[in-house]
Amino acid sequence: MTSNSPSEKRLEELREQAWKDGVVPGKGVDVAGGPIPRQPGYYGQPVVKPPVWTWEIPFYFFIGGAGGMSAVIASAAFTFHHVDLARAAMWLAAAGSILSPILLIMDLGRPRLFINMLRVFKPQSAMSMGVWILVMFITCVVPGLIALELHALQVFTGPMDQLLRIAASFLIFGSAIFGMLLATYTGVLIGATAIPAWFLHRVLLPIHFGTAGLGSAAALLELLGHRIAALNALGYYAAAVESALLIWLSVDKHGAADRAIHEHASGWLIRIGEILTGPLALVLRLFSLVPFAAISFLIGALVSRFGWIAVGKVSGSDPESVFAAEHY
Amino acid sequence: MPGLGTSFGRGGATTAQQDLANADCILIEGSSMAEAHPVGFRWVMKAKERGATIIHVDPRFSRTSALADIWVPMRAGGDIAFLGGIIRHIIENNLFFRDYVVHFTNASCILREDFRDTEEGAAGFFSGWNEGQRAYDKKSWAYNGDGGLSFPERDLTLQHPRCVLQTLRRHFARYTPEMVEKICGISPALFYKVADALVAASGPEKTAAICYALGWTQHSKGVQIIRTAAILQLLLGNIGRPGGGIMALRGHASIQGSTDIPTLYDILPGYLSMPRGDGSEETLRDYLAHQTKPTGLWNNYPNYFISLMKAYYGKNATAENDFGYSWVPKLTGNHSFFEYLYDMADGKMEGMFMMGQNPAVAAANSRFQRTSLSKLKWLVVRDMVEIEAATFWYDSPEIERGELKTEEIETEVFFFPAAGHAEKEGAFTNTQRLLQWREKAVNPPGDARSEGWFMHQLALRLIAKAKQSNDPLDEPLRSLDWWYPEDEHGEPHMESVLAEINGWYTLGRGTEAPPTLADGVVFGVDRDGKPHHGPQVDGFPRLKADGSTASGGWIYSGVLGPDKINKANTRNSKDYLGHGWGFAWPGDRRIIYNRASASPTGEPWSERKKLIWWDQAQRKWTGVDVPDFPPEKPPEFRPTGNESGLDAIPGDAPFMLHEDGLGRLHVPQGLQDGPMPTHYEPLESPVHNALYSRDTNPAVNWFTRQENRFAPPGDPRFPFVLTTYRLTEHHTAGGMSRFLSHLAELQPELFTEMSPELAAELKIDNGDYISIVSLRGAIESRALVSRRMRPVHLNGKTVHQIAMPFHFGSAGPVKGGATNDLVPISGEPNVTIMEAKALACNIVPGRLPRGPAFEEWIKKYVPQGGPPNLHPEQPPPGASPGPEAGGHGLQGKIDSR
Amino acid sequence: MIGEGIQSTNQRKHSYVQDRVEVGFFTDPSVCIGCKACEVACKEWNQVPDDGFTWSGNSYDNTGHLGASTWRHVMFLEQDRQKGNQITGPMGLTEAEDPFRWVFLSDVCKHCEEAGCLEACPTGSIVRTEVGSVLVQNDVCNGCGYCVVSCPFGVIDRRPEPLPDAGGAFKCTFCYDRQKSGLVPACAKVCPTESIVFGRLDDLRARGAERVQQLQQSGYNDAQLYDPTETSVRGIHAFFLILGEPEAYGLPPKPQIPTIYLKSAWTSAFATAIASLIAALAAFAFFS
Ligand SMILES: Nc1nc2c(c(=O)[nH]1)N[C@H]1C(S)=C(S)[C@@H](COP(=O)(O)OP(=O)(O)OC[C@H]3O[C@@H](n4cnc5c(=O)[nH]c(N)nc54)[C@H](O)[C@@H]3O)O[C@H]1N2
Ligand SMILES: Nc1nc2c(c(=O)[nH]1)N[C@H]1C(S)=C(S)[C@@H](COP(=O)(O)OP(=O)(O)OC[C@H]3O[C@@H](n4cnc5c(=O)[nH]c(N)nc54)[C@H](O)[C@@H]3O)O[C@H]1N2
Ligand code: SF4
Ligand code: SF4
Ligand code: SF4
Ligand code: SF4
Ligand code: SF4
Ligand SMILES: [Mo]
């Protein structure tokens, strides 16, 4: 070890800080009540590891959700001949399909090895499944969008155009299938982990993430000017489901095991997110303040994704949550 | 260490760590063996697995206590009282191993009539005290009659009022369990638990072992604590037997080696005495007459000494010139480390070579050490990292506080990079007297060189210079036989050095002619390729006083004999004692005094505890270990009183280094501070001595000086007892641990262990910064509050003890205060070791001010003026410092530090 | 047993990898002296970087927990309880008896029979070796961090900047490299009291059971094995003897492998997906 190593610098900083504040980070046991550790578990150390994920992941959840569900809307719109809406939705889906892997890769510890994700296909790994879903989504969305645009702009005529239309409909439908999985698998991704507040809500999470994705897709399209009743209906649907989830979450408590959802900053994030996507969006729609409802829903969807990651960090760092989760 | 040496004959652990596995009870006191000797501790765990009771007596509940069956919280410095209490219990209740005690110890020897105990005459003093010289005249401690030490008068019934056992009984009578509680704070119930466990592990079928280290040695009465343990083990009949013994746990990898082939000022290799320069040992004849004992192994003194001279001076040492005796430096005073520190501080010493040592952190009163270093003109530091002893002139608390200024320090520091232990070959002698050869694993980096290289090259240059001068003062250098072969880098051949230590015949086999290669000469080729000497000797019995043999360290003889096998480098252990793995001195005996493992008549005491015994058919001693006894002397042999040497040792007297072959419960000769141990308070103590008006060991050297003051007993300004210790994670001054990230991260900061009670009293939280102050200085640390520390109740007074590791300093990646800034320099009378395990301090919550503000701060907590001798029993400056230590001689010694 | 010397499975050469024998660690705190040699040996052999010089104040433990740069971690528990029949102090004369004990346990990756990290890894970086251990292949791992949240014991972690090799997930390798050459894992090799025992898993399980019995007979009423064989983890290859409750050691009493949650989560995901599709189709069918 040389004296200008990073470790020593860290140590020097610690010392300086301790010197200034008179207090020291990482204080141990408190004598009041005795020197024997009274903190839960082993000196309050986490039992499981909190997620290492940073801001990219909640953004990815949000964008993947909205993009994926856009493809669902696109396919419905296409089926019912709302070609312009389908085009807009496909553009959104495509944007989502491009941004998602970028965010995902940005979050990797070693982005240049992203490609290793494609070495294996592992049904028992939600992460692996998710990556394959994302790959399939991109594979459908991008050509789907191209086919749709070529078709819509009438670049070709005759049988070629026919062919394009058929291809577009298949690809859009494919996009919808993988898109809806892209929007919901993220719930599985964090639900099937060792983090108590997550796995205790493994059923709720896909519903929330999927519905939030659907609502966000609708909201984005509405904000892009597609103010049609179908989207409004979807907006109602999503907000209603989110409101129901809010009630479910507030009722379905697991004590210390999922207190990260009900307490701390993480609890507030979740609550704010749910209120914005649920009751508030619903009320705004009832008052026909559609753009506001859309914005409320979008913000709520994003906030709650951050909320759920925060919940994972808090819950994962809380030894008592792990011990308490044994009872559920 | 004279504690073991005067009791048994040799200053080394009496047993091997592996043998601890055979113990029925192990008392670890004065050591945190699990922490400081973790690998050896496996044998303690093995014994525990086999059902042995493990007892740990320590002020701290340490990692050793955690694994013990019984932890006894001890007040630092109370050990003599505690062990003394057990001794009293054993004698009063007749629980000693009678056959062993009667035959193998001096229990039956009759003492002189004029001997007075501390309990009788002047309370706290033995007879013979001379206040002016601050030393004892030891005449009255001897045996009655004219048999001297060789043929003492004995009463085998042990009834004579002046026999050693009866004297001992009277001496320890006052150490009742109640007194033990008063002095040590140990409850009688707990005391009896320990006493009963020890007694239960005594007798023909059972044995108990005692392990100690610095918790005993670093006291102003350290030698006497060890003596108490020796008495206890002799009474219980545990010396020389499997699973018994006293395991002196030594420090640095080869600290045993560094007293065997000493780095000490007052002895020569093999515990031969450094000749005195006071006129009494001017000639070889005087010297030998002085040192040679009429009976016992030391009768062979001349053989060992002359062989050493032949090793030093080769052909230049002849009978005509007294084998070069006049070239050997003579002792003119106490040249211990602390004495020359004072010379350094007073500008009487110009320069110093410092190799493998870091006194700026590790030595007592390290603040004074650093300021004294700055008075040197030049300083050579050889180390693997840039330690505090090499950086004090630009990076030390004194520089930061403005007490020293870099521009004003004239010391020229030469830093030489040293090769580490894996980067050079050579032998270690470990704690159980075991020599183990170590190969070179890698080449040292850059310019780093081994110690061997440095000393060899330095010697070559000095000798070359001396050869160019005619100054008679240079004669000793010119006469040296510096013959060692070297490799292409100038590294001396280390096995040649070992071969020289082992010893050889100076001439060709059986001839007067110079040796030839045909003689089976081993390692005999000198730097010019010529045979340098004759064949190797196969052990110290071959050494002669006529110049026909040479040996650089007689006790190691046999390690590299005529079979040309470097036994230190053997790695094939054949039995549970490890024969075949390395070489244990003397003569590969793993448990010494092992004659005691057989009854007086030569049979094993029991089947379970057999080790060596007398084979009547072959008429010799045989067994698992190498007999540590004349191999053919029958058990029934009795001397007539006219024999000399080993011939005078009876067949039932296992301690053959002593003139009479007996283990010594009372030490008639060889100690400076009393023939029997008695409790004194540490130099700094929160209480007065509960036994008598004398508080401290009278013969101690206080090194009185303004920078080195002691708090008087019960000083309210320094109410807490501080003891110091080591962490498994660090090594001594930290040169080999604080600079390594994988160790440093495990214990990154200095801390002070304290009880919740004390923390509550001072309103300190775990993790807080606190400042610790003593009369010598102040440092800061974190507080580690734990029930592992407990207050003790002494005679109605609650005393708080705190404990601090001493591994930190101002250099390297993890820094911290040097605990030794708080510790005073003092000199135990026999070996001049400082008292670092019990001192007085105060705690001020919060951090120390940095920079010059420190000076104002310390004035607030430590009064600066007044005389240097604040302790009422401390002599003023200029008084006699006390007896000349010199305890390292003849009887040998153990870890001086 | 302690002191078997080179006969001990902790010291002798072996060919477990070649013979495809399942191996494990049995760790016994009743003989651990808290020397941390295992921690240091692990870091030295595997060239794991130091991860900070913070003093914790938690007894002698300044390491804290297992992680990307700590593959062995020795715990120091100070508890108000008696350890077996150990006597610690006054013996009732001056103060009321108040028991105290200090327990050390060397923690490590459990090398689960059903390993959450292995199942979760999307790159196949984590594999099961011939000896049944769970190994992260550093050159394959892309640092997705999914194993981190999938280990029920909180063992594996992603190494942060600025440490060397940052970004990858790391944990104990069971010294696979050493084992391949017939060497014993570094931590077990150096353990002076054989608190960590390395050997065949079946032998160790038998030995563990025996040791618990032995301890219980000699007064350690709260000695038990920590080897969750009844949960979905189905046992661990590095199992422990513990004194007292697992919670005190930060060990989950009933660890589960997260894959057991997949079924309900995926069902919910599919249902939501289908529901969303139906909702969209219905919205367009009925409202346009
Ligand atoms: N890891 C490690 N190992 C080492 C070393 C190291 O620095 N680090 N140093 C080596 C060296 S040089 C040496 S000399 C040895 C020393 O080995 P030890 O002597 O075992 O080590 P210490 O920790 O200095 O002190 C031993 C114990 O004595 C206790 N003690 C203090 N005062 C008293 C007392 O008055 N009575 C009793 N009964 N106990 C007391 C202390 O609390 C401490 O637990 O260790 C060697 N081994
Ligand atoms: N308060 C208090 N003070 C104590 C003690 C205590 O218990 N309490 N213990 C005392 C004891 S027992 C001891 S032994 C001393 C130790 O005190 P020191 O011996 O002064 O301290 P070390 O740190 O052991 O110094 C050894 C140095 O040698 C270097 N070194 C290692 N190998 C080699 C080599 O091959 N060649 C060279 N040239 N250098 C090498 C190391 O890097 C290290 O810097 O401390 C004593 N001080
Ligand atoms: S450091 Fe060396 S001598 Fe000390 S216990 Fe470890 S192996 Fe033994
Ligand atoms: S303990 Fe965790 S990291 Fe280790 S094998 Fe099991 S799941 Fe994987
Ligand atoms: S971080 Fe590495 S080892 Fe862990 S799951 Fe991702 S790819 Fe696999
Ligand atoms: S098996 Fe190897 S990698 Fe695992 S903890 Fe032990 S030394 Fe470290
Ligand atoms: S090496 Fe062994 S004894 Fe030391 S801490 Fe590790 S497990 Fe415990
Ligand atoms: Mo030492």
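Lettering of chains follows the sequences in order, A, B, ..., and the numbering in each one begins at 1. Treat the numbers as computed from the prediction; the structure is a model and nothing was measured.
Judged by distance alone, the side chains of C:R101 and C:T88 never bring a donor and an acceptor atom under 3.5 Å apart. Donor-acceptor pairing under 3.5 Å is lacking for the side chains of C:E39 and C:H73.
Considering only heavy-atom pairs separated by less than 4.5 Å from chain A, the leading option among C:A120, C:P253, C:G124 is C:P253. Counting heavy-atom pairs closer than 4.5 Å to chain A, the top-ranked of the candidates C:H65, C:E119, C:E161 is C:E119. Of the residues considered (C:T231, C:D157, C:I257, C:D139), C:D157 shows the highest number of contacts with chain A, using heavy-atom pairs under 4.5 Å. Between chain A and the options C:G250, C:A273, C:S264, C:S125, the largest number of non-hydrogen pairs under 4.5 Å is found for C:A273. The choice from C:P255, C:P49, C:G67, C:C121 that makes the most heavy-atom pairs within less than 4.5 Å of chain A is C:C121. Of the listed residues (A:I177, A:L113, A:L181), the one with the most heavy-atom contacts under 4.5 Å to chain C is A:L113. Among the candidates C:G143, C:P252, C:S59, C:P122, the residue making the largest number of heavy-atom pairs closer than 4.5 Å to chain A is C:P122. Among A:L205, A:I57, A:L189, the residue with the largest count of heavy-atom pairs under 4.5 Å with chain C is A:L189.
Using a 4.5 Å cut-off between heavy atoms, C:Y249 touches chain A through its backbone atoms (N, CA, C, O) alone. Neither the backbone nor the side chain of C:T267 has a heavy atom closer than 4.5 Å to any heavy atom of chain A. Contacts of C:C151 with chain A are made by backbone atoms alone, with heavy-atom separations under 4.5 Å and no side-chain atom involved. Heavy-atom distances place no part of A:V131 under 4.5 Å from chain C, backbone and side chain included. At a 4.5 Å heavy-atom cutoff, C:A282 makes no contact with chain A through either its backbone or its side chain. Looking at A:W132, there are no atoms closer than 4.5 Å to chain C (heavy atoms on both sides), in backbone or side chain. Heavy atoms of A:H82 lying under 4.5 Å from chain C belong exclusively to its side chain. Contact annotation for C:D165: both backbone and side-chain heavy atoms come within less than 4.5 Å of a heavy atom of chain A. In this structure, chain C has no heavy atom under 4.5 Å from any part of A:P319. Interface residue A:Y185: backbone and side-chain heavy atoms are both found under 4.5 Å from chain C. C:S276 touches chain A through backbone and side chain together, each having a heavy atom under 4.5 Å away. Heavy atoms closer than 4.5 Å to chain A are found nowhere in C:I260, neither backbone nor side chain. The parts of C:F284 that come within reach of chain A are both its backbone and its side chain, each placing non-hydrogen atoms under 4.5 angstrom from that chain. With a 4.5 angstrom heavy-atom cutoff, A:L108 touches chain C via backbone and side-chain atoms both. Of the two parts of C:A285, the backbone and the side chain both hold a non-hydrogen atom closer than 4.5 Å to a non-hydrogen atom of chain A. Contacts of A:A183 with chain C are absent, with no heavy-atom separation under 4.5 Å from either backbone or side chain. Heavy atoms closer than 4.5 Å to chain C are found in the side chain of A:Q45, but not in its backbone. Of the atoms belonging to A:T211, heavy atoms from both backbone and side chain fall under 4.5 Å from chain C. Interface residue C:A279: backbone and side-chain heavy atoms are both found under 4.5 Å from chain A. Contact of A:I228 with chain C is made through the side chain alone, with heavy-atom distances under 4.5 Å.
With salt bridges taken as basic N to acidic carboxylate O contacts below 4.0 Å, none links C:K36 and C:D61.
With C:T70 as the partner, the side chain to side chain donor-acceptor pair (under 3.5 Å) test is satisfied by one option alone out of C:T63, C:D51, C:D107, C:D50: C:D51. Exactly one of C:V155, C:V108, C:N46 qualifies for a side chain to side chain contact (heavy atoms under 4.5 Å, CB included) with C:W71. That residue is C:N46.
In this structure, C:N142 contributes its side chain and A:R110 its backbone to no donor-acceptor pair below 3.5 Å.
Taking the six-membered ring for Trp, A:W53 and A:Y60 have ring centres at least 6.0 Å apart.
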